[in-house]
Protein chains: 2
Amino acid sequence: MTAAAGQLDGLHRAAASRLRSVGQRYTANRRMLIEALADVSGPVTIAGILEGRSGLPVSSAYRSLTVLERAGLVQRVVMGEERARYELAEELTDHHHHHLVCSSCASVEDVTIPPELERDVDRILASLAGRSGFTAVSHQLDMVGLCRACG
Amino acid sequence: MTAAAGQLDGLHRAAASRLRSVGQRYTANRRMLIEALADVSGPVTIAGILEGRSGLPVSSAYRSLTVLERAGLVQRVVMGEERARYELAEELTDHHHHHLVCSSCASVEDVTIPPELERDVDRILASLAGRSGFTAVSHQLDMVGLCRACG
DNA sequence: TTTACTGCAAAGGGTTTGCAACATG
DNA sequence: CATGTTGCAAACCCTTTGCAGTAAA
């Protein structure tokens with residue numbers, strides 16, 4: 001995603017206003033986190049975030065990410081590993097995507113698929129839901145395999 | 001899956017022979033784990049397994065499940081939560097399926113979809129792989145929402 | 001009888017929380 | 001200023017490991 005300066009501006013504006021509407025403040029730490037997430041091309045672990053931005057205490061990262069997630073600005077995702085990863089909410093980026101999870105180096109890359117295939121996914125999920133009294137909210141379609149580097 | 005007695009027999013036979021071929025033993029604990037997994041209708045956490053079978057020490061559960069997984073008898077899956085869940089390997093049950101993850105009570109149910117939709121999933125994944133130098137190995141298509149009880 | 005496996009208890013690693021100091025609106 | 005937020009350190013929880021004893025083949 002690696003956002004340009006202008007896009008970053010928009011993100012900050014959106015984040016600030018959304019947080020304000022929930023009675024939360026848009027502090028330096030939270031700004032830093034939004035930027036960190038805008039800078040990468042896939043969901044990252046908290047450890048990954050901390051590496052980059054030294055100085056950010058662990059507990060603050062956890063607490064702030066929780067706040068950002070509850071505000072709908074950040075999406076928490078869990079893939080094959082135990083530890084969670086975080087990415088900007090799709091609502092914020094206007095960029096619906098899926099993930100390529102490398103089973104060797106554990107990296108995760110965003111990827112998009114053509115609209116018609118996306119429609120198929122929705123159809124499949126509707127069918128899944130229908131046959132089981134399940135109220136679908138969202139889906140997760142990830143592919144596990146070997147990335148370009150590891151394959 | 002809640003297996004009948006005869007099916008259980010088959011599972012035990014398969015497990016025993018598979019383990020033997022890898023120089024491992026099919027012990028009482030491992031048998032108990034296979035039965036526990038055959039008894040439920042979706043992947044379960046280690047805590048969930050331990051609840052049922054009191055007496056099984058935690059460390060043994062972890063170690064045995066690791067062995068069973070490496071032997072290809074058990075599949076370790078991670079959904080929205082941090083802690084892993086375990087299920088019998090599809091190869092063992094001949095029962096390819098997906099998951100319905102309840103975002104409220106965190107329960108996970110197995111579900112199957114019609115073959116033609118399954119083909120669509122494969123097609124989508126092939127497309128995903130093609131456009132990114134990614135070597136697909138497996139996929140994970142899960143639906144998140146509210147289960148019948150919580151909805 | 002050999003050697004894989006088990007159980008306990010202690011260690012490890014990531015995440016959460018209490019609390020006093022701090023910064024934002 | 002009032003209150004949400006931060007940072008530190010301790011607490012927590014789940015998972016892993018060392019080691020002596022046990023049981024499977």
Return the value, rounded to whole Å, for the distance between atom [atom1] of [X] and atom [atom2] of [N].
X: B/R83; N: D/dT16; atom1: CZ; atom2: C1'; answer: 17 Å
X: A/R70; N: C/dT16; atom1: CZ; atom2: P; answer: 11 Å
X: B/E51; N: D/dC14; atom1: CD; atom2: P; answer: 11 Å
X: B/I49; N: D/dC14; atom1: CD1; atom2: C1'; answer: 14 Å
X: A/L33; N: D/dT5; atom1: CG; atom2: P; answer: 13 Å
X: A/R30; N: D/dT6; atom1: CZ; atom2: C1'; answer: 10 Å
X: A/L65; N: C/dT17; atom1: CG; atom2: C1'; answer: 17 Å
X: B/L50; N: C/dC8; atom1: CG; atom2: P; answer: 12 Å

Report, one pair per line, the protein and nucleotides 19-25 of chain D atoms (nitrogen or oxygen only) whose separation is under 3.5 Å.
{"residue": "D/dA24", "atom": "N3", "partner": "B/R25", "partner atom": "NH1", "Å": "3.4"}

Check the phosphate of [N] against [X], side-chain N and O only, distance under 4.0 Å to OP1 or OP2. Yes or no?
X: A/N29; N: D/dG7; answer: yes
X: B/S60; N: C/dT6; answer: no
X: B/S64; N: C/dT6; answer: yes

For the hydrophobic clusters of this structure (ILVMFWY residues joined by side-chain heavy atoms under 4.5 Å, transitively), does one cluster hold both A/V144 and B/V74?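 They do not share one cluster, since no chain of ILVMFWY contacts under 4.5 Å joins A/V144 to B/V74.
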Parallel, tilted or perpendicular for B/H139 and B/H96, by the 30°/60° rule?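 B/H139 vs B/H96 ring planes: perpendicular.
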Residues in side-chain contact (heavy atoms from CB on, under 4.5 Å) with B/R70, at least two apart?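 So B/R70 forms a side-chain contact (heavy atoms from CB on, under 4.5 Å) with B/T66.
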With sequence neighbours left out, write down each residue that passes side-chain contact (heavy atoms from CB on, under 4.5 Å) with A/Q24, or none if nothing qualifies.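 Applying side-chain contact (heavy atoms from CB on, under 4.5 Å) to A/Q24 gives A/L19, A/V22, A/R30, A/V67.
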Between B/Y26 and B/R20, is there a cation-pi geometry (under 6.0 Å to ring centre, at most 45° from the normal)?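 Cation-pi check for B/R20 and B/Y26: fails.
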Only one of A/E35, A/R31, A/Q7 clears side-chain hydrogen bond (donor to acceptor under 3.5 Å, both in side chains) with A/H12; which?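 One option only clears the test, and that one is A/E35.
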Between B/E118 and B/R123, does at least one N-O distance fall below 4.0 Å, as a salt bridge requires?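 Salt bridge: no.
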